[in-house]
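Here is the structure we will look at, set down as structure tokens.
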Amino acid sequence: MDFDAKIPDGPIEDKWTGHLESIRLVGPRNRPRYKIIVVGSGLSGGAAAASLGAMGYKVHCFCFQDSPRRAHSIAAQGGINAAKNYRNDGDSVFRLFTDTQKGGDYRAREANVYRLAECSTGIIDQAVAQGVPFAREYGGMLANRSFGGVLVQRTFYCRGETGQQLLLGANSSLAEQIRNGGVQMHTRSEMMDLVVVDGRARGIVYRDLITGQIRSESADAVVLATGGYCNVYYLSTNAKGCNVTAIWRAYKRGAAMANPNFVQIHPTCIPASGDHQSKLTLMSESLRNDGRIWVPKNQSDQRPPSEIPEEDRYYYLEERYPRFGNLVPRDVAARNAKDVCDSGMGVGPTGYGVYLDFRDAIHDQGKKVVNAKYANLFEMYERITADDPRKTPMRIYPAPHYTMGGLWVDYNLMTTIPGLFAVGEANFSDHGANRLGASSLMQCLADGYFVLPSTIGDYLSRHPSGEIGADDQHFKDVEGEVKDGLSKLMSIRGNRSASSLHRELGKLMIDYCGISRNKQGLEKALSKIPQMKEEFWAHLSVPGSDDQVNQALEHAGRLSDFYDFANLMCRDALHRDESCGCHFREEHQTPEGEALRNDDDFANVSAWQYRGEDHEAELYQEPLKFEAAPLAQRNYKT
Amino acid sequence: MKLHLRIWRQDDSQSKGHFGEYDLENVREDMSFLEMLDVLNEQLIDSGQEPVAFDSDCREGVCGMCSLVINGKAHGPLAGTTTCQLYMRHYKDGDVITIEPWRSEAFPVIRDLIVDRTAFDRIMQAGGFVTLHSGPKPEPNSIPIEPEVAEQSLDAATCIGCGACVAACPNGSAMLYTAAKISHLGLLPQGQPERYSRVKQMVEQMDKEGFGSCRNYAECEAQCPKEISINFVSQMNRDYLKATLLEPVDRRSKMNAQ
């Protein structure tokens, strides 16, 4: 198996430009002969499909929603980073690169991260040209805010709906390509499997979610832009439909899965209120710019928060991390919230919540100014909880939010299957063991607008176009397997809904493979997952038939993949016998309770290779080199 | 609390629909409306009955996937709120709730409460974009934009494309949606080169899709979960009038000639 990351030679600042100048191109007259499938229509997939369509390639784009605009990138709230240095506060490409490496606790590939920082400024230019209405200052210049884990203001934003506006930008370019025939859009179509012919990815098998028909589409290359797998926890900030199926099926066809245990637990979400809870709602991290996080010092304090005086409040982040205060990186903020709640200081009915208080911001800046910044977030919070955060502090608690792990890709974003590419959250990406705020939009759009459209040409130029159609026997075989899988789900006819089974798996995963992990817990999870899987295959209920809209069947199919995936996540977390970023192994911490890395043994990427249903996955390790930004202990205290 | 639900059931676009009647107990006020339906569906699935099909995804009020006409109102009784953000604390024990899909000829029912809204995407594809390629672009601060203009554009761009405006309108008109999309780009300097061809093409596509005409009922604005202003409709009408006078010619094919 080929785990060569194909990182170009030369100094870090010249790698990407040098690579662009030396890779092979496909000429404009040949591009329409190459067909590319893009699965997913969010920021990375939508941007990739639009960019490739505009270049002249024949693109087929798939999404399971009814419109490409609904992809979950739309829900990103806070902003997008770019090293523009508009604030003259010492920002630069190199600074964004080192911030990202440090934030990721040095578990990402230097060359990729540097390229990401390099591409960041062009994204803002591209988005503004599309008509993305970023916030402006009074003089008409672009405005910035700051986000966790950095000491500069480099985040661009559109109120609290930056994701929606960037996605509408990408989608407008996609719409232009659909009109011009560059892209053919397949909505309400879910990828069910990948088709590999003679070692190359040659297409997909998908299910039409309206008619239930199983169909195939062949291509010269396949791009997966199918997002993350946080819904393995059942409760997460992801949309209900987010799932692991596309990348999991690709994994089973030979694409390696990298660092699956790396999951970001976002510190500022609305706490769960009961068993009926269907998802957790994120409150943008931008709130930490002005909100102060605290818990009552006295565990039995029953007073309403606004009546608790200053001396009885424990501003634990400000006290523990005086330099970064409430703006420590997400993993640090999440762990500290769990820590104060585990020690009995949490607030709210479940005891798992902390206060995020705007009292001082409103006092210092005025209600109008604070309201202008966060109005839609305040309203959203009030709608859900019936509390007005302008009058009483918000209650927040961490929730699974983003997955840094995903399909292993080389510098060209190609997986271990030739012709299969992965972009955005679906790849194991550039965020190492922890992603900084406002960096996911940046990575998705860098991949979609700038990186993939160049690197995919190098692959295509080495292969003749066409040659295979969806009527080929390889496609028929995979279609048969997909149909068999669906009939198996339909035929159980048990008495348990996928939701109730999914909730159990989610609880197990958050308890043992969530904010913090230990050997014993992970081993327990590994012994329980097969029992849960057995329960699923024995008692699942899927009413109705598979030749029409059947949402119970859709959920069951996605859940069936989550069991095997959860198993791999726990194995990965167990194997990584160190703490780094989001991956906090309780056995490995500093005397102050911070993550303690083991760079001698684990300065690498864990890439897992499928070896069949009856065999354990095989582990490969890609060593990471730290030349431009040498390894350092993360320190957000001084 | 205990509720009685009357829910529209329809197998597919070809079949005739009917109201299904359901009693649901132990509904908690901190459940969202969709979580209440989830509870109903779980009970149906556990007993081998077909669950109610409805669209939802982000459940944060921004993807625009959820819909539902609840007791005659698109997205239910609360102003500025999508169905997924509606909580059961606004209902009381013994309430009867009627739940229907978006009702419009241009949005055919696919199943139960799910409708086909692809007409909206076709309106976007008719001209809702700035023609460009991905690649180097001018430095954005070289074109200053007054914050007031950027904010107004964002007021329009905040439309989530859910279709409530169409469901709310007695005529099934899509003017508010189309106007929001046109105004978002029409207000910005980047949208100027194609401003008049855009409005013409998008309005023509809207008409082709079979949406009704606007009679200024303003129900669209009242029931829009993002509270998009109907002032954008007048803005669109002005631009459309100007476009018909200017009669912009689509010169793409000529420009591409070798």
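Labels below follow one simple rule: chain letters A, B, ... track the order of the sequence lines, proteins then strands, and each chain is numbered from 1.
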TODO: Before accepting this row, confirm whether a basic side-chain N of the pair A:R496/B:E42 lies closer than 4.0 Å to the acidic partner's carboxylate O.
DONE: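 Judged by the 4.0 Å cut-off on N to carboxylate O distance, A:R496 and B:E42 do not form a salt bridge.
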
- [ ] Would you mind checking if B:K200 and B:E204 are paired as a salt bridge, meaning a charged N to carboxylate O distance below 4.0 Å?
- [x]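 Yes.
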
Tell me which of these, [options], has more heavy-atom pairs under 4.5 Å with chain B than the rest.
| options | answer |
| --- | --- |
| A:H72, A:M55, A:E137, A:Q165 | A:Q165 |
| A:G274, A:G163, A:S273, A:A143 | A:S273 |
| A:Q65, A:E176, A:R136 | A:E176 |
| A:N550, A:I384, A:L540 | A:I384 |

Side chain, backbone, both or neither of [X] within contact of chain B (heavy atoms, under 4.5 Å):
| X | answer |
| --- | --- |
| A:Q164 | side chain |
| A:Y86 | side chain |
| A:Y138 | both |
| A:P68 | both |
| A:E554 | neither |

Task: Flag for B:R59-B:S32: side-chain donor and acceptor within less than 3.5 Å - done: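 Short answer, no.
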
Open item on the list: Within a 6.0 Å radius of atom NZ on B:K73, are there more than 12 heavy atoms belonging to other residues, nucleotides or ligands?
Closed with: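 No, the 6.0 Å shell around NZ holds no more than 12 heavy atoms from other groups.
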
Return the set of residues passing side chain to side chain contact (heavy atoms under 4.5 Å, CB included) with [X] (not counting sequence neighbours), or none when no residue passes.
| X | value |
| --- | --- |
| A:R493 | A:M490 |
| B:L24 | B:L5, B:V27, B:M36, B:V39, B:L40, B:Q43 |
| A:S73 | A:L43, A:L167 |

- [ ] Return yes if some donor-acceptor pair links the side-chain N/O of B:Q223 with the main-chain N/O of B:H75 below 3.5 Å, else return no.
- [x]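 Side chain of B:Q223 to backbone of B:H75: no pair is present.
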
Open item on the list: Would the distance check show the side chain of A:D547 and the main-chain N or O of A:T211 forming a donor-acceptor pair, the cut-off being under 3.5 Å?
Closed with: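 No; zero donor-acceptor contacts below 3.5 Å.
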
Open item on the list: Which residues in residues 177-186 of chain A have any heavy atom closer than 4.5 Å to a heavy atom of chain B?
Closed with: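 Heavy-atom contacts from residues 177-186 of chain A to chain B are A:I178, A:R179.
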
Open item on the list: Please classify the contact between B:E29 and chain A as side chain, backbone, both or neither, with a heavy-atom cut-off of under 4.5 Å.
Closed with: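 No part of B:E29 comes within 4.5 Å of chain A.
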
